[in-house]
Amino acid sequence: MNLLMALVIGVLYGAGTYMILRPSLVRMVMGFGLYSNATNLLLIVIGGWTAETGAPFVGDDGRGHGLMDPLPPDIILTAIVISFATGALLLTICYRVYLDHETDNPELLPVDESADLPHLMVTAQREDRAGIVADDRHA
Amino acid sequence: MMLSPTASLPTLVFIPFVGAFLALCMGRIAGHKTGYLMVLSALASFILAAMLYAGLDPAAPVVCAAEWLPGVDVNFRLRGDGFGLFFALLVSGIGTLVGIYSLSYVHLSDNRRVARYYAALIAFMGAMLGLALADDLVLLFVFWEITSITSFLLIGFWYDQEIGRKGALMALQVTVGGGLAMMAGFVVIGAITGSYSISELAADPSLREKLVAAGMLTPALLLCLGGALTKSAQMPFHFWLPKAMVAPTPVSTYLHAATMVMAGVFLVGRLLPILGDSPAWTPILTTVGLVTFFLGAYQSLREFDLKAILAYATVSTLGLLMMLYGLKAADQDVLQIWSHGAYKGTLFLVAGIVEHATHTRDLRKLGGLRKVMPITFGVCLLGAISMSGLPPFFGFLAKEAFYAQLLHGEVLHGQPVLQWTIIVLSVLANAFIFAVACKLVFGVFFGPPAEDVDAVDHHAHEAGIGLWGPAAVLGLVALGMGLAYPITSQMVNGMSSDPHAHVHVSLIPHDIGPVAMSAVTVLLGIGIYLMRRPINRLQDALAIIPPMYKFWDWLMAGITAVSVTFSRQWQNGSLRWYFSGVLLFACVLVTAALNRADFLRHDIIVKPHDLYWPAVAISGMLIFAALILVRAQVRLTAALASTAIGFLVALLFVIYRSPDILLTQLLIETVSTIFILLVLFFMPRFSRDVVAPPVRLVRLIVSILVGFTMATMVFLCTLPELRTEDNLGLGYLERSLSEGFGRNAVNVIIVDMRAIDTTGEITVLVVVGMAVFGLLRTRRHKA
Amino acid sequence: MRMLILPLLIPFFTAIVLALCNGWRRTEKFISLLSCLGLTAFVFWLLYYVDNHGIQSTAIGGWAAPYGIAFVADRLTTIMLCLSMGVGTLVLIYTFWTVTETQQKYFFYPFFQIVLLGVNWSFITGDMFNLFVGYEVMLIGSYGMMMVGASRAQVRQTMKYIAINALGATFFVAGIGLLYATVGTLNMADLSQRTALLTGDRAALVTAVSMMLMVVFAMKAGAFPVFFWLPDSYPIVPAGVIGFFAGLLTKVGVYSLLRVYLVVFRQDGHQFALQTLLILSGFTMVLGVMGAMCQWEIRKILSWHIISQVGYMVMGVGLASSSNPVVARMAIAGTIFYIVHHIVVKSSLFLIGGIAEHVVGTQELKKMGGLLDLSPVSAGMFLIAAFSLAGMPPFSGFLSKFVLIRAAVEGHNWIVLTAALVTSFLTLYSMSKIWSYAFWGHKVRETPAHSYRWLMVPTSVLVIFTVGMGLFGQPFLRLAGDAADEIMNPAAYINSVLGPVSSVDPVGAVGPMSPVSIDAPTLIAPDVGIDAAPEMLKPQASGLTTQASGLTLQAVGVMEVMP
Amino acid sequence: MIMRGVHLVIFVAIFIKALVQSNIQVAITVLSPTMRIRPGFIALPLRVKTDFEITSLANTITLTPGTIAVHVTNDRKTMVIHALDIGADPDALRKDIQSSMEDRILKWTRPASKRPPESK
Amino acid sequence: MPLIAEIMIAVCLVIGTFFTVVTGIGLLRLPDIFCRMHAAGKAGTLGVVMVIIGAIIFFAMDHPNVAFRGLLAIFFQFLTTPAATHLLARASYVREYPVSERTQVDEMRSHMPSRPDLPFGEE
Amino acid sequence: MYEMSPWFYYVCMTCLAAMIVSGVMVLYRLRIGPAASDRAIALDCLATCFMGIICILSIVWQSILFFDAVWLLTLVGFMGSAAVARYLEKGRVF
Amino acid sequence: MTPHPDGPELDSPGDKSSLPGSPGGPPGSPGELLRSPVLQTVSRAAVPVTIIVSLIIFNQGHNLPGGGFIGGVLAAAAGAMHLMAFGVEGAARWNWWKLSVLGLLISIMTGTVPFLLGEAFMNHTELHPHLPLIGSFHVPTAAFYDAGVYLIVVGMLMTIFVELGLENRE
Ligand code: NA
Ligand code: NA
């Protein structure tokens, strides 16, 4: 079983890698989704598996023998939520980046971050005062 | 109020720092009067040093020690021995004169700038005093670097001019670069011997034996020389000194003629008893010193800028001193330093006066000032004669002693070829110096002024006593010390770094050798002076090698070019490259670690009974779905394949009996799909992969490597032999109901046992919500 | 000690209250300041307390470790907390005059608290997975701060920053999972006592797992070759905040390297990780400074210098691989000292850079000039901070480099020593470049563009600190040395978390051993005898022998390595 | 009111029967080697009015033999359905749907007074 | 568990599985998107409902709340699956996904007045 | 826990296998499309298959813990399909 | 335009400048097509049921699968269904992120109360309140914590839904 799962996890990581290395922001986000899934599988796999293992719900006796280790699911739950939240933020930002630069190819984005660095405090304050906010989209 | 000797040591070091601080604070109001702080603090230090010298017991010098950084064996230890006090007297004495000179010399409208100038100058003096008296290598280094910093600020006095900035930067970089090596050398010494105390190291042979035993004697020497040779402007690191001449003349006089450049020499003197046993000592120092001595003098004749001439002459003398230490003739170090300080100080100050009066330093434009500036002329003569080594001046004493050392020195004994090489070159160098002295005196004060400089006729005037006074004092020292040679002899022998020094210092020769060499020197010098124009042409013809500073510039430009390439290529903004780098790094690290044990001997056998066939089927579907995603050219296909993968993973969670994450996964995948669809609306279609085939190949290789590495790790870590059964799982289960009041152990862990994890997780959620809100709202408001 | 939750609880409540006060600009600033000052006072008291009373720990929720999550405050942790809160408060004050209305409206101050929260969290937690959570909280706050204002460049660079950190998070979680599979626990103290017993294949596997985690920590620290994110993202961080980011965020990575590779991983052959770090550190130093050499913007130059400076700290961690405990101790103490120095100095440099921007309205060196005349005090502060960064005496930078170089010399690591010296030289080169272009030269304007008086207040505190730390370094060195002792001898740490008798008995094949005897092999590596360098070791030897014989558990306090 | 309840029960029963029928029919179609289908889009004039009725009808049509509801025009007078096999006469299908589905829905959704006349 | 219960459950499972398989085959075999929706919307529904009923029976004795969940699932199934089919079918028509050439009549076209103004290009 | 009849167990396992086969076919449709709606339908059917699989596994394991996933999948499948339909029809989901 | 390997691209909404602004839209406009009584009716039925079920799921979490997070996502999914049927304008009137901040406050307070009472932070226990009508029952304080989580998830997801839904809607 662990060889099988190692194979699956390897494929998922490999596929995720392939996706994040492609020149498309949406694909990148999906690649991270694959990573997240692969990691979750990895975590559940390390909990161990036998055909007889039960779910981690203890009976009235409160004993835990023969049940699945509950810690990996706990870790997964936290990790899944965090990666989901990060992914949502990343996706929103990717959308914003596309609107700004009209490309979703990260390789085509401007390299020099100072080229359109408007937040230089001085500039920003001036524009703030004037009521218009620094939007340099077509600068 | 009388200070005890122990207390006056640190006091004389700290007075200037207090003065510098005061100068900074009051400068804005006091303006040029800040200079009096310089004079006062220098004078105070001088008096204290003189008092200490008066009470000096050579066998047991005053020591002031305090714990500073006991954790790293570094202590605040000052020691007032003869050599240190000599240096302190030199520094504070010339400091007083330079302070007085500056009062008349420095005129600026910007009070703050003047204040900064004096503050740096006073702080420099303090650092030099500390350096002279420090008995701890690290403390010495601290003061050493403070002199570098203050020197940097002083050279950059004309910081609104490119040339001023460049000169300052070069001086800083070269001297600090050497200083770093020196620090490493000190650390080596301290780490191996366990002591940084100079006197202790010099006195205790067992400490030095440790260095020898560790084989670190020569490396430590080489590292330390890195500092000494750069600071003292030895070839090939001499080039910063002429460039530093952009500084105001008081600075050049004080730092770059009399004191700071002597710090390297001083250090070598301090190190001689510690590292002198190294077989590299004599060859290196003698060679470097000799070359510098000769080439400095040689180059000096080539120059026409007054300060450049003096700078190269200084370089030359510094070489001479290094050579003397190389020959282990430490007994005449004070003699040479002192005589040089006196005449070179005089000449620099005179150069400043001349520049002040004529607004030029170019010998070719100067001339005939004898009549306009008679006092200056007189003072200049004092310095120049001493420099040329004619009796009865101090310079003569020094040169005689030097020649005597060459003829009778122990180190050269029995090596006639080497000895004669050194003698010939030395005589030649001194002849050049002689010619330079002539050139100075005749070039500035005799002959007609150049036609295009009307300054000479119209504006040139005799300087005030504030300017020539200090120069005259130094010049008189050069004369007086020569005349009073018995006292001189006593003093220079008493203050030498060699406790057993007994150099014969006398105007009356007792040995024909040195006198003959002096005669040859003078004759040669006259000859060179007379032939100076053809010699200059010859020098121009011989100058094939570019000046050293160009090499330095090239070196820095080369480093910058590498840097440009590196930052463009490495930090190229390409996410693809960043990801690949991180991933490959991970693969390499993990593989390297795995290679350290032979994991292959664990049998990799698929045990069919261990496989759960639905898991096999689901895994197959999962891999298939992953391939769909990877191959998808249409965005919606990719989004749906992602969702399918999520569902399939959820199904594996069923196999692994984890209902909580099953539900979570299903919901999360659905919500993710909705997000993706929401965003896809705005995004462009997937473009065809337009990357070049090599990029594709690399991408494929990286993917396979990552997949393989992760699979290997998972496989190994879940192998029954390697996975641990002794984990926390059972403990959690058993505590779930009894202490957590819940049957769902996972949930009990989430909300109770490890609730702080969950707290972080929900914080992330909240912040993401706010961040998305902020991001989209900010831009929508702008639109 | 229940109070250990306060470094989290206070930023938490502050962030919530600030979010709810959204729109009341003055109130937000006031509350932020109040909270930061209060917490700063607390953590400094905590440092004092821990220094005098030993390691403190608390079980969150009353669940005893290793099941519950323990928060542990040893000297290293409290030092880091003091730094984060001290620098955080100063930067907060600085931002009062730099934050724009838009930035404040879109949660600048709540996010600031979240970053503080995450940083404190990462420092104080005693659980590997909780460390991950702390990282994520810190990161998410930093994402928020980085793009607050949402300019093109900010959004774009934040995207890259998030993406790279997402990669790191993947390895982090995967590494934690594999760690749990092989060692069976997540609590750092428990891990420490369990890994110390590991040998053979399992030890080698745990080493491999530790290498996977190293990617994350090295990335966070900004070490070679995974510092990609740093020079790209720091230049877009809002003014002022950059001082905090530059100082603190990478140091969380360095802290983790110290904690994880010296306390958590003690299995047979764990030095491999440290040796790897040593190799990486050389590249980090040199390449970091090489990157800075060709830059023409203050922020970029300083950002690249973070990398090279991190190289020094990583070098310290790597030098701790030495089999000579004196060297290892000096390396760790040097690293801690360096962390303190660097946080203070780098923050102050960025803050001065902000002032310079305020005065001349640009960050580009070629458009600057004459700052020495325009703003002499900030010029003076820059001079001090820059020379301190370059390791010039008498400032803190000199002392920190000195200690590390001494450790390198004593460990005979000549190559990395050379790299350190070269880096130091090139650092000076580019610092003097900034000075020469920005502070010297012709005035580019007659008067300062904006008033900057208040910005000087927090900045000067940092600058004064670096001078003080250089001149009066002994208390810091002493503290760093004691912290190093705690790290080298985790027995006290383990006892504090798990109690004198471990709640989880190391069972199975390895056989029962008491935590005390576990420490012996790492304290004195078998190949280093006391007689290897008798004189050098003399003062320490007695303390160490006491340790090795396992006579006393509370040896941390007893051991006086420094003479 | 009671009658409407009865009609609802009848409707559910008939609906279940139709559901099973439709499934079997689809199964036969899918599994038959030749797959004889005559798909088509057919417009169905509507008498149901409210959202609820329209939705009930649409869902019922979709779940029952060979038809799915594709579209409801904005005037709510017509529903377009897709049939897997429209047979020879589309009008027969239309009438069938109206009588078997629409009428029965109306019977339990509305009181008799408000009901439109049943289809012929 | 009585034999009769096992038999009933088995029958439910078999029927449910049968229709699920039919869904799969139908999805592969049917000629166009609209026809495939018939398979998905109908066979899928009945198939899964039968399986759920089987499960409800299985757990009826010990866990009555499973019946609640099962009925909830069936309710949702009847509520949502046809609606989803309906929405997708219309979207497919709007996007002009190719219709099988066997299609006899298309009365849809005339009921989509705004069709020429479709916001999407022919992609 | 009760001991289930062997034939019943085998019926369950056979059904499980058939369900998985159905899932594979559905997944294949997800692969080949061609229309986006095809894929959406396929995903919906995949969810349906999973409901079946989970039900059968619940019976085999005699565990009710996974049963919530069944009705959740109904909802989830609908959400996905509806979102895709809205996306195809209007571009925007909301 | 190069043909795709998967045939013509069938998923792209193409030129979005001419897209309808909101569901429905004036008669004759493309948006008119999109009016959907079916979706609206289904969501009228499904949304309340889902929300109730989400509360059940939330409530059962301590002993069965479920809990605040799952319940919250479920409720947010119901919200998404509502948005799909009725558009975002109504929901956009509220600042959903404030709900998540409120949730965070509740969660943290749950941990802080025992801390202020002198116990460890987040030391959960069981409460046994006695209410009229309902009688005595026991609640683990962890449930309050979970309730905070529920609100956070709803607030955060709805924020993103609404904000993304509002994008590009003049
Ligand atoms: Na995830
Ligand atoms: Na958790």
Side-chain angles (χ1 to χ4, degrees), chain B residues 69 71-72 112 142 145 149 156 159-160 165 169 172-173 176-177 180 184 187-188 191 194 559-560 563-564 566-567 571 575 578-579 581-582 585-586 589-590 593-594 596-597 713 716-718 722-724 726-728 731-732 752-757 760 763-764 767 770-771 774-775 778-779, chain C residues 60-61 63 66-69 106-107 114 130 133 136-137 140 144 150 160 164 167 171 178 181-182 184-185 201-202 204-205 207-208 211-212 214-215 225-226 228 231 290-291 293-294 376 392-394 403 405-406 409-410 421 424-425 428-429 432 436 440 442 473-474 477-478 481 507-508 562:
Chain B
L69 304 164
V72 283
R112 292 188 304 185
V142 169
E145 295 293 52
I149 296 173
Y159 53 76
D160 32 15
R165 296 196 294 267
L169 285 176
L172 180 76
Q173 286 154 10
V176 170
L180 282 168
V187 172
V188 169
I559 294 176
T560 310
S563 152
V564 169
F566 162 71
S567 65
Q571 202 66 30
L575 264 186
Y578 295 173
F579 286 152
V582 173
F585 179 57
L589 284 187
V590 171
L594 284 178
R596 299 172 72 249
M713 285 302 284
L716 288 176
C717 290
T718 51
L722 295 174
R723 177 175 177 268
T724 180
D726 170 32
N727 57 31
L728 303 181
Y732 278 119
D752 197 348
M753 294 181 183
R754 296 179 64 96
I756 198 79
D757 278 349
T763 312
V764 170
V767 176
M770 287 164 70
L775 173 67
T778 313
R779 297 297 287 257
Chain C
I60 303 296
W63 291 95
Y67 299 104
I69 286 165
Y106 292 112
F107 315 123
I114 296 290
N130 204 243
V133 174
E136 290 300 317
V137 171
I140 208 79
K160 292 183 182 176
I164 293 179
L167 200 57
F171 283 113
L178 299 175
T182 44
T185 185
D201 277 359
R202 200 179 275 187
L205 189 58
T207 306
M211 300 309 276
M212 185 179 285
M214 186 184 285
V215 178
V226 282
F228 302 110
M290 286 300 275
M293 292 277 293
C294 65
M392 300 280 276
V403 178
I405 284 176
R406 178 156 175 177
V409 167
E410 293 195 12
L421 292 176
S424 201
F425 169 69
L428 182 82
Y429 178 88
S432 53
S436 168
W440 279 352
H442 289 288
Q474 182 51 26
L477 275 178
R478 201 271 306 157
V507 287
M562 288 187 171

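Order of the sequence lines sets the chain letters (A, B, ...), proteins ahead of strands, with each chain counted from 1.
Ranking B:Cys717, B:Ala597, B:Gly760, B:Ala771 against chain C, the residue ahead of the rest is B:Cys717, based on heavy-atom pairs under 4.5 Å. In terms of non-hydrogen atom pairs under 4.5 Å with chain B, the most contact-rich of C:Ser424, C:Gly473, C:Pro376, C:Gly184 is C:Gly184. Most heavy-atom pairs under 4.5 Å with chain C: of the set B:Ala184, B:Ala755, B:Gly731, B:Gly581, this distinction falls to B:Gly731. Annotation: maximal heavy-atom pairing with chain B below 4.5 Å, among C:Leu178, C:Ile60, C:Val403, C:Ile405, occurs at C:Leu178. When each of B:Gly774, B:Ser567, B:Gly156, B:Ser563 is checked for heavy-atom pairs under 4.5 Å with chain C, B:Ser563 comes out on top. Note on B:Val590, B:Ile756, B:Thr718: by heavy-atom pairs under 4.5 Å with chain C, the leading option is B:Ile756. With respect to chain C, the highest number of heavy-atom pairs below 4.5 Å among B:Met713, B:Arg112, B:Gln571, B:Glu145 belongs to B:Gln571. When each of C:Gly68, C:Gly291, C:Pro225, C:Ala204 is scored by its heavy-atom pairs under 4.5 Å with chain B, the top score falls to C:Pro225.
Formation of a donor-acceptor pair under 3.5 Å by the C:Ser436 side chain with backbone atoms of B:Arg165 is not found in this model. Panel note: side chain C:Tyr106, backbone B:Leu775; no donor-acceptor pair is recorded below 3.5 Å.
Only the side chain of B:Leu575 comes within contact range of chain C, with heavy atoms under 4.5 Å apart. C:Ile114 touches chain B through its side chain: at least one heavy atom from C-beta onward sits under 4.5 Å away, while N, CA, C and O do not. C:Met392 touches chain B through its side chain: at least one heavy atom from C-beta onward sits under 4.5 Å away, while N, CA, C and O do not. Both the backbone and the side chain of C:Ile164 come within contact range of chain B, each with at least one heavy atom under 4.5 Å from a heavy atom of that chain. In this structure, chain C has heavy atoms under 4.5 Å from both the backbone and the side chain of B:Arg723. With a 4.5 Å cut-off on non-hydrogen atoms, C:Val215 touches chain B through its backbone and its side chain both. Interface residue B:Thr560: backbone and side-chain heavy atoms are both found under 4.5 Å from chain C. Heavy-atom distances place the side chain of B:Leu169, and not its backbone, under 4.5 Å from chain C. Proximity to chain C involves both the backbone and the side chain of B:Ala586, based on heavy atoms less than 4.5 angstrom apart.
The nearest pair of heavy atoms linking B:Leu180 to C:Phe425 is CD1-N, 3.4 Å. Residues B:Phe579 and C:Leu167 share a closest heavy-atom pair of CD2-CD2, 3.5 Å. The two residues C:Pro394 and B:Val142 make their nearest non-hydrogen contact at CB-CG1, 4.0 Å. Between C:Arg406 and B:Val72, the shortest heavy-atom contact is NH1-O, 3.2 Å. Residue B:Gln173 comes nearest to C:Ser432 through the heavy atom pair NE2-OG, 3.6 Å, listed as atom of the first residue, atom of the second, then distance. Closest non-hydrogen pair, B:Ile559 versus C:Met293, comes out as CG2-CE, 3.3 Å.
Looking at heavy atoms from C-beta onward, C:Asp201 lies in side-chain contact with B:Leu722 at the 4.5 angstrom threshold. Counting only heavy atoms from C-beta outward, the side chains of B:Thr724 and C:Thr182 never approach each other to under 4.5 Å. At a threshold of 4.5 Å between non-hydrogen side-chain atoms, the residues B:Asp160 and C:Trp440 do not count as touching. Using a 4.5 Å heavy-atom cutoff, the side chains of B:Leu594 and C:Met211 are not in contact.
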Inset, instruction - Check the pair B:Val764 / C:Val137 against side-chain contact (heavy atoms from CB on, under 4.5 Å), numbers first and verdict last. - result: CA-CA 6 Å; B:Val764 170; C:Val137 171; 4.1 Å; yes
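By the ring pair (Phe, Tyr, Trp, His ring centres under 6.0 Å) test, B:Phe585 pairs with no residue at all, sequence neighbours left out. Scanning for ring pair (Phe, Tyr, Trp, His ring centres under 6.0 Å) contacts around C:Phe228 gives B:Trp570, B:Trp577, B:Tyr578, with sequence neighbours left out.
To the nearest 0.5 Å, atom CH2 of residue C:Trp63 and atom CE of residue B:Met753 are 3.5 Å apart. With values rounded to the nearest 0.5 angstrom, B:Thr778 atom OG1 is found 8.5 Å from C:Phe107 atom CZ.
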